[in-house]
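Quick notes on the structure that follows.
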Amino acid sequence: MEVVPSVESYAGPKDKHTWLKWTIAALVAILNGYAAVLMYASGEWVFALLSLVVVSVGLYVFMNKKTYAHRYIFPGVAGMVVFIIFPLAYTIGIAFTNYSGTNLLSLEQARDYHLKKSYKVAGGEFDFTLLGGDNGQFQLLLTQDDHSFISQPVSLMTNKARALASREGRVQSSQQVVELQPFTGEAASQAAPIRTIVEHRSHLSDLDLVLPDGGTHLTLSSLRKFAAQKQQYTRLMDGAVLSSGVVINDRNLLRNTQTGELMLPNGDTGFYQYIDERGEFVGKGMAPGFVVSVGWKNFVRIMTDPGIQGPFMQIFIWTVIFSTCSVVFTLAIGMVLACLVQWESLKGRGFYRVMLILPYAIPAFISILVFKGLFNQNFGEINMFLEAVFGIKPDWFTNPFLAKVMILIVNTWLGYPYMMILCMGLLKAIPEDLYEASAMDGAGPVQNFFKITVPLLMKPLTPLLIASFAFNFNNFVLIQLLTNGAPDIIGASTPAGTTDLLVNYTYRIAFQGSGGQDYGLASAIATAIFLIVGALALLNLKLSKADKQH
């Protein structure tokens with residue numbers, strides 16, 4: 001009787017070092033937990049959650065015998081989640097917020113930032129002398145008129161040592177509080193030279209000297225002076241009653257100690273703003289702002305704001321035209337050249353193949369920069385030739401139409417070798433009998449090309465052409481290196497150029513905005529790009545299935 005092995009027998013080889021496996025798993029779990037706590041403490045709870053989920057699932061898969069087979073696919077699935085699904089979901093989430101260069105913080109961080117603001121008190125400057133220096137121990141002697149104050153011995157680090165410690169995380173950025181005591185008599189230590197003050201200025205700038213009254217704080221204002229400062233905003237934990245009788249119970253309420261005005265966070269704009277006696281917001285927001293949800297506002301801006309809608313539609317149309325023309329031009333040139341180098345009567349076919357494929361072998365960014373020099377309007381070889389022969393000097397980089405023509409020329413040069421290689425391979429699959437039968441009917445090379453070669457090549461090339469269209473739809477490097485989107489679109493409220501593709505337009509909004517990088521709007525545009533490219537992928541999938549059915 002034949003014994004059929006059970007499923008458990010395929011669960012994996014018996015581990016002779018079980019203790020080592022569990023030890024490694026425990027260390028991974030501990031390190032991941034520690035990292036998640038640090039990320040959560042810094043406010044990055046999303047990344048902390050992602051780390052916990054991925055590592056927890058990974059430990060379950062690798063430590064459970066029932067999931068032994070999933071160990072081989074888990075790395076790929078985890079990589080897809082971390083590098084594709086999560087960034088996509090995170091980008092879509094940002095599209096529904098006001099996240100930007102002026103709204104980077106959380107509400108708590110923005111509140112704490114305002115609470116750290118201070119202002120100088122009139123007449124509150126003190127001359128200071130740095131005393132000692134033995135074993136890195138110093139005392140600060142401050143004098144103003146007939147009043148003198150001295151600190152306890154303080155360990156000061158040099159600028160280089162403090163910078164190194166900051167990079168290693170051994171020094172926090174918060175100020176070090178040092179209390180001062182009244183001083184009478186003569187200093188026991190010798191005054192340090194000005195060079196010592198310069199060497200320790202970084203650490204001295206982080207000192208917060210407190211006078212004996214406990215309410216006046218001094219900070220370094222120059223190499224010889226400390227200036228008195230007071231906290232500009234105070235937090236009213238118990239709320240406040242306005243003159244109109246309105247009661248404010250918000251625990252984020254701040255009072256300006258200089259003017260007495262009250263300030264509240266505005267959940268609509270994401271900024272702290274002053275309020276009037278009725279509790280209504282007045283004036284402009286106080287930077288830095290905080291992140292709040294704005295719903296579909298960014299998507300509505302794309303469709304309704306004239307300064308965004310116009311450039312967006314113009315760039316979208318150009319992106320489609322650029323992608324389509326790039327595919328058509330590279331396919332036409334690549335297919336023709338593939339037929340020529342496959343022509344048996346052509347001598348030196350191998351040499352021509354190598355020379356025509358060379359543009360594909362050279363890194364794209366090098367070719368783009370070379371063409372940028374060739375198309376230079378004043379010193380480029382192309383304009384020098386055109387001026388010598390035809391007497392014209394085209395404005396390749398300042399004329400919108402010519403700039404687009406230049407981009408298509410360069411991209412065709414970069415892309416035709418790929419199409420030529422594809423067509424060379426597919427041409428070998430076309431039966432020679434078809435051409436022989438056509439020759440017997442009196443057809444020439446041109447008729448064979450359009451009646452036999454093109455129809456038989458287009459069917460297998462269709463999915464690849466769609467993929468090429470999707471690639472050119474997001475061809476960021478070409479535009480960024482060649483024109484950087486120039487010339488600019490007049491009247492656009494966001495950075496936008498006539499040669500920008502949607503992906504370049506998104507990049508410029510996110511990182512080159514003059515009024516603060518608008519990551520929320522850029523994420524909304526990126527989401528739109530994802531939907532368009534996703535639709536192309538679905539179309540490609542359907543076409544592939546249709547080909548299989550036929």
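Numbers for residues simply follow the sequence, beginning at 1.
Under a 3.5 Å cut-off, the side chain of Asn383 and the backbone N or O of Asn378 do not form any donor-acceptor pair. Side-chain atoms of Asp518 do not come within 3.5 Å of backbone N or O of Ile509 as any donor-acceptor pair. Using modelled atom types, one side-chain atom of Asn399 and one backbone atom of Leu402 make a donor-acceptor pair closer than 3.5 Å. Panel note: side chain Thr499, backbone Ala486; a donor-acceptor pair is recorded below 3.5 Å. Side chain of Thr67 to backbone of Val61: a donor-acceptor contact under 3.5 angstrom is found. Listed for the Ser205 side chain is a donor-acceptor partner under 3.5 Å among the backbone atoms of Arg201.
The environment of Tyr60 atom OH is sparse: at most 12 non-hydrogen atoms of other residues, nucleotides or ligands sit within 6.0 angstrom. More than 12 heavy atoms of other shown residues, nucleotides or ligands fall within 6.0 angstrom of atom CZ in Phe74. At most 12 heavy atoms of other shown residues, nucleotides or ligands fall within 6.0 angstrom of atom CE in Met303. A 6.0 Å sphere centred on CZ of Phe365 holds no more than 12 heavy atoms belonging to other residues, nucleotides or ligands. Shown here is Lys297, whose NZ atom has no more than 12 heavy atoms of other residues, nucleotides or ligands within 6.0 Å.
Between the CG atom in Leu253 and the CG atom in Asp238 there is a gap of 10.5 Å [rounded to 0.5 Å]. Going from atom OG1 of Thr412 over to atom CG of Leu414 covers 8.5 Å, rounded to the nearest 0.5 Å. Between atom CG of residue Leu59 and atom CG of residue Asn64 there is a gap of 11.5 Å, rounded to the nearest 0.5 Å. Taken to the nearest 0.5 Å, the CH2 atom of Trp396 stands 11.0 Å off from the CG atom of Leu482. The distance from atom CD of Gln314 to atom CD1 of Ile317, rounded to the nearest 0.5 Å, is 8.0 Å. For the atom pair NZ (Lys284) and OG1 (Thr269), the distance works out to 13.0 Å, reported to the nearest 0.5 Å.
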Throw together a table of side-chain donor-acceptor distances under 3.5 angstrom for residues 521-539, partners on residues two or more places apart or in other chains.
| residue | atom | partner | partner atom | Å |
| --- | --- | --- | --- | --- |
| Ser523 | OG | Tyr519 | O | 2.8 |
| Thr527 | OG1 | Ser523 | O | 2.8 |

Distance-only donor-acceptor pairs under 3.5 Å for side chains of residues 242-251, two or more places apart:
| residue | atom | partner | partner atom | Å |
| --- | --- | --- | --- | --- |
| Ser244 | OG | Glu277 | O | 2.3 |
| Asp250 | OD1 | Asn252 | N | 2.8 |
| Asp250 | OD1 | Asn252 | ND2 | 3.4 |

Tabulate below the donor-acceptor pairs under 3.5 Å that side-chain atoms of residues 323-338 make, not counting sequence neighbours, or state none.
| residue | atom | partner | partner atom | Å |
| --- | --- | --- | --- | --- |
| Ser323 | OG | Thr319 | O | 2.8 |
| Ser323 | OG | Phe473 | N | 3.3 |
| Thr324 | OG1 | Val320 | O | 2.8 |
| Ser326 | OG | Phe322 | O | 2.7 |
| Ser326 | OG | Asn411 | ND2 | 2.8 |
| Thr330 | OG1 | Ser326 | O | 2.6 |
| Thr330 | OG1 | Val327 | O | 3.2 |

**Verdict with reasoning, Leu478 to Leu501, per side-chain contact (heavy atoms from CB on, under 4.5 Å)** = CA-CA 10 Å; Leu478 173 65; Leu501 303 180; over 6 Å; no

**Request:** Check the pair Asn256, Gln232 against side-chain contact (heavy atoms from CB on, under 4.5 Å), reporting the backbone distance first and the verdict last.
**Result:** CA-CA 6 Å; Asn256 190 321; Gln232 186 170 4; 4.0 Å; yes

**Item:** side-chain hydrogen bond (donor to acceptor under 3.5 Å, both in side chains) evaluation trace for Gln176 with His203
**Value:** CA-CA 9 Å; Gln176 178 182 351; His203 200 161; 3.1 Å; yes

**Request:** Applying side-chain contact (heavy atoms from CB on, under 4.5 Å), run through Ile84 and Leu88 and close with a yes or a no.
**Result:** CA-CA 6 Å; Ile84 298 178; Leu88 176 61; 5.6 Å; no

**Request:** List the steps, then state whether side-chain contact (heavy atoms from CB on, under 4.5 Å) holds for Thr483 with Met406.
**Result:** CA-CA 10 Å; Thr483 64; Met406 175 184 63; 3.6 Å; yes

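Considering all non-hydrogen atoms of both residues, Ser367 and Ile362 come closest at OG-CG2, 3.6 Å. Closest of all the heavy-atom pairs between Gly497 and Asp500 is N-OD2, 2.8 Å. Summarising the geometry of Thr398 relative to Pro487, their closest heavy-atom pair is O-CG, 3.6 Å, with the distance given to 0.1 Å. Across all non-hydrogen atoms, the minimal contact from Pro265 to Phe281 is O-CZ, 3.7 Å. The shortest heavy-atom contact between Asp305 and Ser493 is OD2-OG, 4.1 Å. Across all non-hydrogen atoms, the minimal contact from Val292 to Phe290 is CG1-CE1, 3.4 Å.
Within the 4.5 Å cutoff, no side-chain heavy atoms of Phe271 are placed close to those of Asn266. Between Phe62 and Val28, the closest side-chain pair of non-hydrogen atoms is not below 4.5 Å. Side-chain atoms of Met286 and Tyr274, non-hydrogen and from C-beta on, do get closer than 4.5 Å to each other. Side chains of Met419 and Ser468 form a contact here, defined as non-hydrogen atoms less than 4.5 Å apart. With a 4.5 Å cut-off on side-chain heavy atoms, Tyr418 and Leu464 count as touching. Looking at Ser118 and His217, their side chains never come closer than 4.5 Å, going by heavy atoms from C-beta outward. Counting heavy atoms from C-beta outward, Thr257 and Tyr233 have side chains that stay 4.5 Å or more apart. The shortest side-chain heavy-atom distance between Asn98 and Val291 falls under the 4.5 Å cut-off.
Remark: Lys393 engages no residue in a side chain to side chain donor-acceptor pair (under 3.5 Å) (not counting sequence neighbours). In this structure Val82 satisfies the side chain to side chain contact (heavy atoms under 4.5 Å, CB included) test together with Val54, sequence neighbours excluded.
Note on residues 35-45: no pairs pass salt bridge (charged side-chain N to carboxylate O under 4.0 Å, His left out), not counting sequence neighbours.
You'll find the ring centres of Tyr360 and Tyr416 outside the 6.0 Å limit.
Residue His114 forms a side-chain hydrogen bond (donor to acceptor under 3.5 Å, both in side chains) with just one option from Arg111, Lys117, Lys116, and that option is Lys117.
A perpendicular orientation is assigned to the rings of Trp413 and Phe371, their planes being inclined by more than 60° (bins at 30° and 60°).
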